[in-house]
Amino acid sequence: MDLLKKLFPLSFQCIGEVSKLVIGIIIYVVIGIIGGVVIGLAGLIDLPLVGLLLSLVGGLLDLYITAGIVLAILVYCKVLK
């Protein structure tokens, strides 16, 4: 559990009020949008290896954001402490 708290500190702050949960989810969504734009702009470089690495980074970013939102909801619902 300590590893999850270190990897997803924002998710474990969504305790108590619905507003904290909503703000946490909005922050994750904004991080995803900004990351997608940056990766999309970096994808304009026309090198095959760069495209492969950007695809990998984009997939990991999507996985991190999805896991963060799910953990935030689970912490809010008191499934995780």
Undergrad: Could you state whether Ile69 and Leu4 fall into the same hydrophobic cluster, counting links through intermediate Ile, Leu, Val, Met, Phe, Trp or Tyr residues with side-chain heavy atoms under 4.5 angstrom apart?
TA: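 Yes, Ile69 and Leu4 fall within the same hydrophobic cluster.
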
Undergrad: Gln13 and Lys20: which non-hydrogen atoms are nearest, and at how many Å?
TA: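 What the structure gives for the nearest pair is O-CD, 3.7 Å.
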
Undergrad: For Val75 versus Ile15, what's the shortest heavy-atom pair and its separation?
TA: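 Shortest heavy-atom separation between Val75 and Ile15 comes out as CG1-CG1, 3.6 Å.
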
Undergrad: Please name the pair of heavy atoms, one in Val57 and one in Ile39, separated by the smallest distance, quoted to 0.1 Å.
TA: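 What the structure gives for the nearest pair is CG1-CD1, 3.9 Å.
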
Undergrad: Can you tell me how far apart CD1 (Ile31) and CG (Leu10) are? Round to the nearest 0.5 Å.
TA: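 Taking CD1 in Ile31 and CG in Leu10, the distance rounds to 6.5 Å.
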
Undergrad: Give the ring-plane orientation class for Phe8 versus Tyr64, where under 30° counts as parallel, over 60° as perpendicular and anything between as tilted.
TA: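 Aromatic pair Phe8/Tyr64 classed parallel.
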
Undergrad: If hydrophobic clusters are built by linking Ile, Leu, Val, Met, Phe, Trp and Tyr wherever their side-chain heavy atoms come under 4.5 Å apart, do Leu60 and Ile34 end up in the same one?
TA: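 Different hydrophobic clusters.
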
Undergrad: Measuring from Ile25:CD1 to Ile65:CD1, what's the distance to the nearest 0.5 Å?
TA: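 With rounding to 0.5 Å, CD1 (Ile25) is 12.5 Å from CD1 (Ile65).
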
Undergrad: Quick one: CG on Leu52 to CG on Leu56, what's the gap to the nearest 0.5 Å?
TA: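 Reported value, rounded in 0.5 Å steps: 7.0 Å.
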
Undergrad: Assigning hydrophobic clusters by single linkage (Ile, Leu, Val, Met, Phe, Trp, Tyr; side-chain heavy-atom cutoff under 4.5 Å), is Leu54 placed with Leu63?
TA: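 Result: no, two separate clusters.
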
Undergrad: Do Leu21 and Val79 sit in one hydrophobic cluster, given that two such residues count as connected whenever their side-chain heavy atoms are within less than 4.5 Å of each other, even indirectly?
TA: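 In one cluster: yes.
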
Undergrad: Looking only at non-hydrogen atoms, find the nearest pair between Gly68 and Ser11 and report the distance.
TA: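 In this case the closest contact between Gly68 and Ser11 is O-OG, 2.7 Å.
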
Undergrad: Do Leu74 and Val70 have side chains that get closer than 4.5 Å, going by heavy atoms?
TA: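 Sidechains of Val70 and Leu74: in contact.
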
